[in-house]
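Structure first, then comments.
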Amino acid sequence: MARPFRFGVNLMSPAPAGEWRAKCRRAEELGYDVILAPDHLGMPAPFPALVAAAEATERPRLGTFVLNAGFWNPALLAREVATTDALTDGRLELGLGTGYVQAEHETAGLPWGSPGERVDHLRRTVEELERLLGSEDQQPQPVQKRVPLLIGANGDRMLRLTAEHADIAAFTGARARDGGVLEPLAAEELDERVALYRKLAAGRAEPAELNLLIQIVIVTDDPGAAIQPWLSLIPHLTEQQVLELPIVLVGTLDDIVEHVRAQRDRFGFSYLTVLEPNMEVFAPVVARLRET
């Protein structure tokens, strides 16, 4: 049986206290299940942003989407996670990834490393967090017995790590190129990535929730015209190929709702995340899928 849908919104724009709390309340009003904060320079610091979101809301979970493990020491991160979980009354979901923007590491004066080194660091971080947060000696203590772990993944080693440790497997729907540029995956490529994950996760006692980050949402009667401004950013793809990307939802409300259902059937994606600029436009989709 398919998992019920969950919907998250990644709030990326810095804002003063009143404005930040207002948009968190708006996300709750629109029916989002999870309010998320990214981990990029120039965007809100994730943990204080989530504590403020918790103070402004009652129902949504609060998550990092996703922390750049290269920014964090595991012992200090365990303190942040435990404190934030306590201050949000056990509503925290911890999202982790390797990071993909080299310039941010250079600005922060932190080593970048090879892809293999970044995956190694993430593995050490995940394993050390599990040890620390699972220890009775850890102070402060999180409220939840286990803070749900989301890992954002695409490569083979990352998918193995996700299969071994994550409660939520987040598929980026894109691969990182030099300079932090993301190149979207076609549906057939995503099929292969999900199939590999399922193979690696075959021995799990409990299946993970599968997440996909949606990059573009446009409700329109003319998808071809609506997608035109995006074509120059993905010049190697035709208009039709862009419209068929799993991370793109463009069409009438009915079309998008059916497409989301079809992607759950095909890939298993029951947890969808949208970016802050798409929060309002995606809300009718959330409402329609709550009805079924």
Side-chain angles (χ1 to χ4, degrees), residues 5-15 22-23 26-38 40 42-43 65 100-101 152 154 170-177 179-191 193-194 210-292:
F5 283 112
R6 282 206 308 161
F7 302 100
V9 58
N10 209 21
L11 299 182
M12 305 153 60
S13 300
K23 65 181 174 180
R26 180 60 177 160
E28 183 174 34
E29 291 169 0
L30 292 173
Y32 286 94
D33 302 285
V34 193
I35 294 172
L36 299 153
H40 290 289
M43 296 185 186
F65 199 84
Y100 63 92
V101 184
N154 181 57
F171 289 80
T172 59
R175 62 174 66 84
R177 295 302 191 192
V181 176
L182 294 178
E183 179 181 283
L185 299 181
E188 294 75 19
E189 294 175 291
L190 197 52
D191 275 329
R193 294 289 85 194
V194 172
L210 303 191
N211 169 276
L212 182 67
L213 172 61
I214 302 297
Q215 295 283 347
I216 301 173
V217 183
I218 306 172
V219 177
T220 177
D221 292 326
D222 190 350
I227 205 67
Q228 291 303 310
W230 296 92
L231 297 182
S232 62
L233 302 177
I234 321 173
H236 62 289
L237 298 181
T238 66
E239 175 185 301
Q240 189 59 37
Q241 287 172 326
V242 171
L243 290 171
E244 292 173 355
L245 290 171
I247 61 174
V248 172
L249 296 175
V250 179
T252 66
L253 179 59
D254 287 343
D255 290 340
I256 291 175
V257 167
E258 289 309 308
H259 189 64
V260 168
R261 289 195 184 107
Q263 292 208 142
R264 182 176 62 176
D265 292 342
R266 177 174 179 173
F267 302 106
F269 298 134
S270 59
Y271 174 16
L272 299 183
T273 301
V274 298
L275 303 175
E276 181 177 344
N278 294 322
M279 181 172 77
E280 295 284 345
V281 71
F282 191 66
V285 180
V286 173
R288 283 280 294 274
L289 289 168
R290 288 275 182 255
E291 298 171 359
T292 58

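Values below: all heavy atoms of this structure, side chains included; hydrogens, waters and symmetry mates excluded.
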Under 3.5 Å donor-acceptor, K23 side chain and S13 backbone: yes

Donor-acceptor list for residues 217-224 side chains, cut-off 3.5 Å, not counting sequence neighbours:
unit_1	atom_1	unit_2	atom_2	d
T220	OG1	D222	N	2.9
D222	OD1	A225	N	3.3

Ring pair (Phe, Tyr, Trp, His ring centres under 6.0 Å) contacts in which one or both residues fall within residues 239-268, not counting sequence neighbours: F267-F269

Heavy-atom check, side chain of V286 versus side chain of L272, under 4.5 Å: no

Beyond-backbone contact of V285 with L253, side-chain heavy atoms, under 4.5 angstrom: yes

Gap between atom OG1 of T238 and atom CG of L243 - 0.5 Å precision: 8.5 Å

R290 side chain to G31 backbone, donor-acceptor under 3.5 Å: yes

Residue pair Y271, V34: steps toward the side chain to side chain contact (heavy atoms under 4.5 Å, CB included) verdict: CA-CA 10 Å; Y271 174 16; V34 193; 3.6 Å; yes

E276 versus M12, closest heavy-atom pair with distance: OE1-N, 2.7 Å

Under the ring pair (Phe, Tyr, Trp, His ring centres under 6.0 Å) test, residues paired with F7 that sit two or more places apart: F5, F282

Min side-chain heavy-atom separation V250-W230 under 4.5 Å: no

Under 3.5 Å donor-acceptor, R264 side chain and S270 backbone: no

Between CD on residue Q263 and CD1 on residue I256, distance to nearest 0.5 Å: 11.0 Å

Verdict with reasoning, Y32 to V274, per side chain to side chain contact (heavy atoms under 4.5 Å, CB included): CA-CA 10 Å; Y32 286 94; V274 298; 3.8 Å; yes

Shortest non-hydrogen separation from F171 to L212 and the atoms involved: O-CD1, 3.4 Å

Closest non-hydrogen atom pair, E280 against R26: OE2-NE, 2.8 Å

Intermediate values then yes/no, side chain to side chain contact (heavy atoms under 4.5 Å, CB included), L213 and I247: CA-CA 7 Å; L213 172 61; I247 61 174; 6.0 Å; no

4.5 Å side-chain heavy-atom contact, I214 and N278: no

Least distance between heavy atoms, L185 atom then L245 atom: O-CD2, 3.5 Å

Closest non-hydrogen atom pair between A27 and M279, with its separation: CB-SD, 3.7 Å

Euclidean distance, E183 CD relative to N154 CG, rounded to 0.5 Å: 10.5 Å

Reported CZ-to-CZ distance for the pair R288 and R261, which is rounded to 0.5 angstrom: 7.0 Å

Q215 side chain reached by V248 side chain, heavy atoms, under 4.5 Å: no

Sub-4.5 Å side-chain heavy-atom contact between N211 and R6: no

Smallest separation among heavy atoms of P184 and I234, with atom names: CG-CG2, 4.1 Å

